[in-house]
J.: 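Just passing along the structure, written as structure tokens.
Every chain is numbered from 1, with letters handed out A, B, ... down the list of sequences.
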Amino acid sequence: MSDRPRFYLTTPIYYVNDEPHIGHTYTTVVADAVARYRRAVGYDVRFLTGTDEHGQKIERAARAQGIRPIELADRVVHRYHELWRALSISHDDFIRTTDPRHRLAVEKLIRRMKSAGDVYLGAYEGMYCSGCEAFYPESQIRDGRCPDQGHPVERVAEESYFFRLSRYQEPLLEHYRRNPAFVRPASRFNEVRAFVESGLRDLSISRTSLDWGIPYPDAPGHVVYVWVDALTNYVSALGYGEDPEGAPFRYWPAQVHLVGKDILRFHAVYWPAFLLSAGLPLPECVYGHGWWLKDEAKMSKSLGNVVRPGPLLRDFGPDALRYFLLREMTFGLDGTYSDEQFLDRYNGDLANDLGNLLSRVVTLIEGGLSGAIPAQPDAPEARELEPAAADAHAAWRAAFDAYDFSGALAAAWRLVGETNRFLVRHAPWALASDPSRAETHRAVLWGASEALLQAAAMASPAMPRAAEEIASRLGSPLPRDLSAFRWGLLTTGGRVAKRAPLFPRIDKAAYFKESRAVDDSKPIQPAAPEPKPAPPEGVALLTIDEFMKVDLRVARVVSCERVEGAEKLLKLRVDLGTEERQIVAGIAKAYAPEALVGKRIVVVANLKPAKLRGVESQGMLLAADLGGRPIVATFEEDVPPGTRVR
RNA sequence: GCCAGCGUAGCUCAGCGGCUAGAGCGAGGGUCUCAUAAUCCCUAGGUCGGUGGUUCGAUUCCACCCGCUGGCACCA
């Protein structure tokens with residue numbers, strides 16, 4: 001029916017082990033802005049988001065709370081629905097990996113990969129981190145914990161189905177060559193290409209070690225591995241599983257998968273390989289955006305610096321949060337979040353520039369024209385802002401097409417600035433008392449209103465509610481079709497409505513005083529019960545005898561130097577009282593060699609020696625792992641080297 | 001260590017061979033009074049990371065160095 005071009009875009013599906021934070025919010029807001037923009041310029045848009053609900057982590061968390069996994073998932077999914085509603089997210093569909101339609105699609109995809117000869121039964125043995133849902137090479141495991149998050153890992157040896165990813169190395173590289181915009185931004189594309197060029201190993205796609213997942217077709221005991229399960233959501237939501245074999249399904253391929261840079265590889269390598277195997281077209285683009293950093297550090301639960309959208313939403317409303325996310329970060333790069341930046345944007349752009357412009361225009365029309373929007377006056381002032389608006393519109397479109405949201409909003413705000421200057425230039429408040437200049441007076445007010453409505457329209461993908469409200473106060477409908485620039489969007493005869501400030505200015509000092517008081521008493525905490533942190537998941541309880549096998553000793557650092565050619569390694573000579581040992585530790589990023597000399601530390605004295613970067617390590621030192629940053633355990637009091645620690 | 005990218009005004013960044021290197025925010029001064037003590041105007045003089053080179057001319061191209069970020073290696 002529709003001959004409009006289609007535009008299918010997706011967010012990742014979010015794992016239900018955590019409450020939504022600003023990272024989830026960011027991706028979803030970006031996607032929503034793109035969706036709204038595309039609709040406004042004439043596309044037939046399909047916008048998908050959803051949740052990833054399977055896996056060991058959910059299974060265990062649910063068990064710890066004494067509920068079924070699906071109940072846990074339902075609870076968190078509810079939180080997502082609430083948040084997306086509060087943020088005016090306009091997704092067309094919400095896929096859950098526990099949906100029956102998804103299961104059908106996964107089964108179908110696997111069957112197609114199997115008939116392509118890309119699946120075989122093998123055995124997998126490795127160190128598995130249920131926290132990350134990933135295997136890690138044994139060399140990367142230390143203290144029985146995974147390198148990324150420090151979750152406990154466990155040895156898993158099991159029968160497993162494998163996908164012949166290795167077979168797709170060349171086809172993928174060929175596809176990359178032919179589609180230079182397949183992965184964006186370009187710098188990320190280079191990394192993906194380098195990864196594929198370095199060689200691809202077959203991928204284990206089933207597990208026998210967990211129950212909470214989609215049963216692997218025709219293989220009792222096997223459950224589909226998380227990435228096949230999760231990635232398939234992009235087609236299962238379109239009815240891939242339900243359609244007859246080989247039938248085309250609407251909206252595929254996607255125009256863009258929006259993903260965080262941390263999961264770019266799965267979308268730019270594994271997913272296209274699955275699709276190639278199954279004979280499906282590949283998405284046009286995978287866009288890996290940056291992260292929001294707080295205080296220069298990546299947000300993570302273990303660092304406790306996660307920014308939750310709740311308080312911002314409560315204090316400033318959804319549109320202010322959306323505006324900030326889109327305006328402040330250059331899409332694709334990392335951005336830094338701080339409350340101060342948020343307030344500066346809010347006060348400067350929203351309260352002073354846009355909100356205040358609305359207030360003054362409405363008041364001027366109410367006072368000067370009895371509140372009625374006239375027909376476009378003939379005086380030249382009515383067209384004075386037209387070129388600026390046309391320029392802004394062109395820049396806005398170009399920026400949005402290029403995923404430059406900050407640039408698109410900047411273009412709209414240039415028009416806001418022009419309009420404020422226009423008002424000062426013509427001073428309609430002074431014209432009002434001069435009957436001989438009535439036509440000019442009307443033209444100035446009309447022109448300012450028209451320009452403001454144009455700016456609101458351009459802001460609408462980012463701030464749908466505020467844009468509606470601005471239009472409403474100007475007595476006009478918000479224009480829906482923004483595909484071409486047109487001067488004269490105002491409805492003649494509309495009546496302005498004076499209401500409370502759209503974005504009330506916030507007193508920064510007062511705000512910080514208040515929010516600090518709140519923050520101190522109430523550290524950021526998830527509302528729903530989290531899986532209890534202790535006892536440590538995945539680590540079996542030890543008997544005291546077993547623990548005593550570990551020979552922990554106090555050691556004094558005699559000397560310390562960097563290991564040649566290694567970024568993270570320090571080589572320490574330590575005095576164990578009875579002997580000296582050489583220990584290699586991965587702490588060079590956190591400690592200067594000199595800083596450790598003389599310190600009393602704790603070492604595992606009876607660890608099997610190992611070679612790191614060719615240097616022998618005769619033991620290991622103990623350190624806390626704070627979000628990947630090691631903090632070496634030391635003593636405050638003077639303890640002789642060699643003293644047993646227990 | 002390898003591979004990318006970056007390093008420009010207090011902050012965030014734009015510019016990417018050539019007029020006196022720009023914007024927003026912040027800061028200082030001024031103005032108006034329609035407006036949310038908002039708007040608007042003026043001001044900041046920054047070795048464009050460093051050193052060489054190519055060129056009539058380099059912030060813009062090349063080499064090297066320093067620093068930072070990311071990917072890989074690596075982190076018992």
J.: Considering only the P atoms, how many Å lie between B:G29 and B:G70, rounded to the nearest integer?
T.: 41 Å

J.: Expressed as a whole number of Å, how far does the C1' atom of B:U55 sit from that of B:G17?
T.: 9 Å

J.: Pairing donors with acceptors under 3.5 angstrom, does anything connect the side chains of A:H426 and A:E384?
T.: yes

J.: Please enumerate all residues that pass side-chain contact (heavy atoms from CB on, under 4.5 Å) together with A:Q169, with sequence neighbours excluded.
T.: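 Scan of A:Q169 (side-chain contact (heavy atoms from CB on, under 4.5 Å), adjacent residues dropped) gives A:L173, A:V196, A:L200.
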
J.: Between A:R360 and B:U39, does any side-chain N or O lie under 4.0 Å from OP1 or OP2?
T.: no

J.: For B:C56 and B:G71, measure between their C1' atoms and round to the nearest Å.
T.: 42 Å

J.: Taking only heavy atoms on the protein side, list every residue of residues 433-442 of chain A lying under 4.0 Å from any atom of RNA chain B, sorted numerically.
T.: none

J.: Just checking, A:R193 and A:F189: is the charged tip under 6.0 Å from the six-membered ring centre and within 45° of the axis?
T.: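 Yes - A:R193 lies over the ring of A:F189, closer than 6.0 Å to its centre and within 45° of its axis.
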
J.: What parts of residues 469-476 of chain A reach RNA chain B, counting only heavy atoms under 4.0 Å away?
T.: none

J.: Using a cut-off of 4.0 Å on non-hydrogen atoms, how would the nucleic acid contact of A:L502 be classed: base, sugar-phosphate, or nothing?
T.: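 Counting heavy atoms under 4.0 Å across all strands, the contact made by A:L502 includes a base.
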
J.: Whole angstroms only, please: what is the NE2-C1' distance between A:H426 and B:C40?
T.: 13 Å

J.: Report each atom pair, protein N/O against N/O of nucleotides 25-31 of chain B, whose distance is under 3.5 angstrom.
T.:
none

J.: Looking just at side-chain N and O atoms, do A:T27 and A:H289 make a donor-acceptor pair shorter than 3.5 Å?
T.: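 Note: A:T27 and A:H289 side chains meet the donor-acceptor criterion.
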
J.: In terms of side-chain heavy atoms of A:N420, which of B:U36, B:C40, B:A35 is nearest?
T.: B:C40

J.: Could you give the CG-to-P distance, from A:L423 to B:U39, as a whole number of Å?
T.: 13 Å

J.: Taking it one step at a time, do A:R265 and A:E191 satisfy salt bridge (charged side-chain N to carboxylate O under 4.0 Å, His left out)?
T.: CA-CA 9 Å; A:R265 177 183 302 172; A:E191 289 170 9; over 6 Å; no

J.: Which part of the nucleic acid, if any, lies within contact of A:P428, taking any heavy atom under 4.0 Å across all strands shown: a base, the sugar-phosphate backbone alone, or nothing?
T.: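 Here A:P428 touches no strand at all.
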
J.: Checking ring-ring contact (aromatic ring centres under 6.0 Å, His included) for the pair A:F316/A:F342: CA distance, chi angles, key distance, verdict?
T.: CA-CA 10 Å; A:F316 304 99; A:F342 190 100; 4.8 Å; yes

J.: Quick one: list whatever passes side-chain contact (heavy atoms from CB on, under 4.5 Å) with A:A462, sequence neighbours left out.
T.: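 By the side-chain contact (heavy atoms from CB on, under 4.5 Å) rule, A:A462 matches A:L326, A:L409.
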
J.: Could you measure between the two C1' atoms, the one in B:A63 and the one in B:C25, and give it in whole Å?
T.: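 Their C1' atoms lie roughly 38 Å apart.
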
J.: Does a side chain donor of either A:R505 or A:N356 reach within less than 3.5 Å of an acceptor in the other side chain?
T.: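 Result is no, nothing qualifies.
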
J.: Which is more 5' along RNA chain B, the nucleotide nearest A:R421 or the one nearest A:R345? Just name the residue.
T.: A:R345

J.: Mind checking whether A:F405 and A:W396 have ring centres under 6.0 Å apart?
T.: no

J.: Nearest whole angstrom, please: distance from the P of B:C3 to the CZ of A:R188.
T.: 19 Å

J.: Name the atoms and distances for all side-chain donor-acceptor pairs under 3.5 Å in residues 569-578 of chain A, with sequence neighbours left out.
T.:
residue : atom : partner : partner atom : Å
A:R573  : NE   : A:E580  : OE1          : 3.1
A:D575  : OD1  : A:G577  : N            : 2.8

J.: To the nearest Å, how far apart are A:L364 CG and B:U39 P?
T.: 16 Å

J.: Tell me the interatomic distance from A:N356, atom CG, to B:A37, atom P, rounded to whole angstroms.
T.: 8 Å

J.: Stem finding on RNA chain B, please: runs of three or more consecutive Watson-Crick or G-U wobble pairs, both distances under 3.5 Å, sorted by first number.
T.: B:1-7 with B:66-72, B:10-13 with B:22-25, B:27-30 with B:40-43, B:49-53 with B:61-65

J.: Using a 4.0 Å heavy-atom cut-off across all strands, classify A:F503 as base, sugar-phosphate, or nothing.
T.: base

J.: If the P atom of B:U60 is compared with that of B:U54, how far apart are they to the nearest Å?
T.: 15 Å

J.: Under 4.0 angstrom, heavy atoms only, what part of the nucleic acid is A:R505 near: base, sugar-phosphate, or nothing?
T.: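 Contact class for A:R505: base.
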
J.: Looking only at atom C1', what distance separates B:A76 and B:G67, rounded to whole Å?
T.: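 These two C1' atoms come out 32 Å apart once rounded.
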
J.: Quick one: are the ring centres of A:F266 and A:W227 less than 6.0 Å apart?
T.: yes

J.: Tell me, please, which residues at least two apart from A:D349 pass salt bridge (Lys or Arg N to Asp or Glu O under 4.0 Å).
T.: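 Partners of A:D349 by the salt bridge (Lys or Arg N to Asp or Glu O under 4.0 Å) criterion, ordered by chain and then number, come out as A:R345.
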
J.: In whole angstrom, give the distance that lies between atom CG of A:L350 and atom C1' of B:A38.
T.: 14 Å

J.: Just N and O in the side chain of A:R265: are any of them under 4.0 Å from OP1 or OP2 of B:C72?
T.: yes

J.: How close do A:A466 and A:D319 get, counting heavy atoms only, and between which atoms?
T.: N-OD2, 2.8 Å

J.: Rounded to whole Å, please give me the gap between CD1 in A:I263 and C1' in B:G71.
T.: 17 Å

J.: According to side-chain hydrogen bond (donor to acceptor under 3.5 Å, both in side chains), who are the partners of A:R553, at least two apart in sequence or on a separate chain?
T.: A:D551

J.: Could you tell me the separation between the CH2 atom of A:W429 and the P atom of B:C34, rounded to a whole number of Å?
T.: 8 Å

J.: For A:Q582, check side-chain hydrogen bond (donor to acceptor under 3.5 Å, both in side chains) against everything at least two apart and list the hits.
T.: none

J.: With sequence neighbours left out, what residues match A:E579 under side-chain hydrogen bond (donor to acceptor under 3.5 Å, both in side chains)?
T.: A:R581

J.: For nucleotides B:G50 and B:U8, find the distance between their C1' atoms and express it as a whole number of Å.
T.: 15 Å

J.: May I ask you to check whether over 12 heavy atoms, not counting those of A:R437, lie within 6.0 Å of atom CZ?
T.: no

J.: Scan A:A194 against the nucleic acid and name what it touches under 4.0 Å (heavy atoms): base, sugar-phosphate only, or nothing.
T.: nothing

J.: So that I know where these two stand, are A:Y403 and A:Y287 an aromatic pair - ring centroids less than 6.0 Å apart?
T.: yes

J.: Dump the pairs, protein N or O against N or O of nucleotides 4-9 of chain B, anything under 3.5 Å, distances to one decimal.
T.:
none

J.: Taking the P atom in each of B:C42 and B:G57, what is the distance between them to the nearest angstrom?
T.: 37 Å

